[in-house]
Amino acid sequence: MVCNDFNTQDARVTLPDIGQQFKILLQDKVGCDVTFEVSGEMFPAHRCVLAARSKVFRAQLFGPMIEGITSSAIQIKDMEAKVFVALLSFIYSDSFPEMEDKAQAVEVEEEEAVEDEIPEVEEGQEEEAREHVTWLQWLQDLFVAADRYDIQQLKSLCEKQLSENIGVSSVASTLALAEQHHCHRLKDACLNFIQVQSPKCLGKVMVTDGWKHITTTYPSVLDELIVKLASNQKEKKRKHKTMFC
């Protein structure tokens, strides 16, 4: 048997890791034994892989819930196909997924719905802003899917990216998700973002659909925000007095 020298160029070639190999297994559909129907699209998968990565899938595919599953495809409601694709990608590869067909997704968005969420931008940046809005909606949906199937690592990664991409047009919808899914760090990040905004920016936040959702569904969040705003004002007054003492 001949062993290659570790200093040769061949030895420096990056070999596929287990995540890549599992992802290839999914792409090639080798040994798939369960099919999901999401938004009219079919997605073959492997029961054992799903069960190993998600307690929810384990209960659905091997627990008492299996009695309600027939030989036909398992239907998953209230989820877009591109979100389920990303969910499967993470389950198999353990790497944060990218949104597939990003440009195409932007084109099929309803024009008026996207227009309402796009912040004011200079001409030439509008397409980039549209893509960001679409990506952010996908990220929020992936966050919900991760929580739904109890995939905590993916949920944490989504939470981190949502925290890093808070904006005037999205902060309210992200805050509502944080409250609904009990993510205290994400909730604090949203509240901290809101409390330092100018009156003009606060006005923009308050006309978003996300803000309307909060006022009707999670009114207690408004109480917390008022407390933070009041605390912020007291701190400003204290610093002002200190400067002139």
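What you see below is based on every heavy atom in this structure, not just the backbone, and it leaves out hydrogens, waters and symmetry mates. Predicted, not measured: the structure shown is a model, and the values here were computed from it. Start at 1 with the first residue, then count along the sequence.
Separation of atoms OG (S220) and CD1 (I214) is listed at 10.0 Å; rounding is to 0.5 Å. To the nearest 0.5 Å, atom OG of residue S54 and atom CD1 of residue I151 are 5.0 Å apart. A distance of 8.5 Å separates CD of E224 from CG of D188, quoted to the nearest 0.5 Å. Between the NZ atom in K228 and the CG atom in D223 there is a gap of 13.5 Å [rounded to 0.5 Å]. Considering CD of Q75 and OG of S39, their distance stands at 10.5 Å, rounded to 0.5 Å. In this structure, CD on E159 lies 12.5 Å from NZ on K187, to the nearest 0.5 angstrom.
A chain of hydrophobic side-chain contacts below 4.5 Å, direct or via other Ile, Leu, Val, Met, Phe, Trp or Tyr residues, connects V168 to L202. Residue L175 is grouped with residue M206 when hydrophobic side chains (ILVMFWY) are merged at heavy-atom distances under 4.5 angstrom, including chains of intermediate members. Cluster annotation: I226 is not connected to I194 through the hydrophobic network of ILVMFWY side chains, with a link wherever side-chain heavy atoms come within less than 4.5 Å. I76 and F62 fall within a single hydrophobic cluster, where Ile, Leu, Val, Met, Phe, Trp and Tyr are joined by side-chain heavy atoms under 4.5 Å apart, directly or via other members.
Judged by distance alone, with hydrogens and angles left aside, the side-chain atoms of S170 form no donor-acceptor pair with the main-chain N or O of I166 at under 3.5 Å. Side chain of T208 to main chain of K204: no donor-acceptor pair is present (N/O by atom type, distance under 3.5 Å, no hydrogens or angles). Put simply, the side chain of H46 gets close to the backbone of V30: a donor and an acceptor are under 3.5 Å apart. Judged by distance alone, with hydrogens and angles left aside, the side-chain atoms of Q20 form a donor-acceptor pair with the main-chain N or O of D17 at under 3.5 Å. The main-chain N or O of E80 is never found under 3.5 Å from a side-chain atom of D141 such that the two would form a donor-acceptor pair. Between the Q197 side chain and the F193 main chain, a donor and an acceptor come within less than 3.5 Å of each other. Counting only distance, with no hydrogens or angles, the side chain of S89 and the backbone of V85 share no donor-acceptor pair below 3.5 Å.
The closest side-chain heavy-atom distance from Q180 to D147 is not below 4.5 Å. In this structure the side chain of L50 reaches within 4.5 angstrom of the side chain of Y92, judged on heavy atoms. The side-chain heavy atoms of F143 and L139, taken from C-beta on, include no pair separated by under 4.5 Å. Contact check for I74 versus L61: side-chain heavy atoms found under the 4.5 Å cut-off. With contacts defined as side-chain heavy-atom distances shorter than 4.5 Å, the pair L157/F90 qualifies. Under the 4.5 Å side-chain criterion, counting only non-hydrogen atoms from C-beta, V144 is not in contact with M79. By the 4.5 Å heavy-atom criterion applied to side chains, K155 and C183 are counted as neighbours. Side-chain contact between I91 and F57 is present, with at least one heavy-atom pair separated by less than 4.5 Å.
For D33, the CG atom sits in a packed shell: over 12 heavy atoms of surrounding residues, nucleotides or ligands are nearer than 6.0 Å. By the neighbour-count criterion of 12 heavy atoms within 6.0 Å, atom NZ of K23 is sparsely surrounded, having that number or fewer from other residues, nucleotides or ligands. By the neighbour-count criterion of 12 heavy atoms within 6.0 Å, atom CD of Q27 is densely surrounded, having more than that number from other residues, nucleotides or ligands. Around OH of Y218, the count of heavy atoms belonging to other residues, nucleotides or ligands within 6.0 Å exceeds 12.
Checked for salt-bridge contact, D94 and R53 meet the test: a charged N lies under 4.0 Å from a carboxylate O. Salt-bridge check for E164 with K160: passed, with a basic side-chain N closer than 4.0 Å to an acidic carboxylate O.
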Evaluation steps, side chain to side chain contact (heavy atoms under 4.5 Å, CB included), between F96 and L154:
CA-CA 7 Å; F96 193 82; L154 178 58; 3.9 Å; yes
R130 vs E126, salt bridge (Lys or Arg N to Asp or Glu O under 4.0 Å): CA-CA, chis, key distance, verdict
CA-CA 6 Å; R130 286 177 181 275; E126 186 175 344; 3.1 Å; yes
Set out, in order, the CA-CA distance, both residues' side-chain angles and the distance that settles side chain to side chain contact (heavy atoms under 4.5 Å, CB included) for R185 and S156, then state yes or no.
CA-CA 10 Å; R185 289 178 301 178; S156 179; 4.1 Å; yes
Go through the steps to decide whether L88 and F43 satisfy the test side chain to side chain contact (heavy atoms under 4.5 Å, CB included), and finish with yes or no.
CA-CA 9 Å; L88 284 180; F43 299 95; 4.1 Å; yes
Applying side chain to side chain contact (heavy atoms under 4.5 Å, CB included), run through H132 and N165 and close with a yes or a no.
CA-CA 10 Å; H132 180 73; N165 288 275; 3.6 Å; yes
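Screening T217, D209, T215, T216 against H213 for a side-chain hydrogen bond (donor to acceptor under 3.5 Å, both in side chains) leaves a single residue, T217.
Residues L26 and A45 come closest through the heavy atom pair CD1-CA, 4.3 Å.
Using cut-offs of 30° and 60° for the angle between ring planes, the F36 and F84 rings count as tilted.
Using modelled atom types, one finds a donor on one side chain and an acceptor on the other under 3.5 Å when comparing Q140 with S173.
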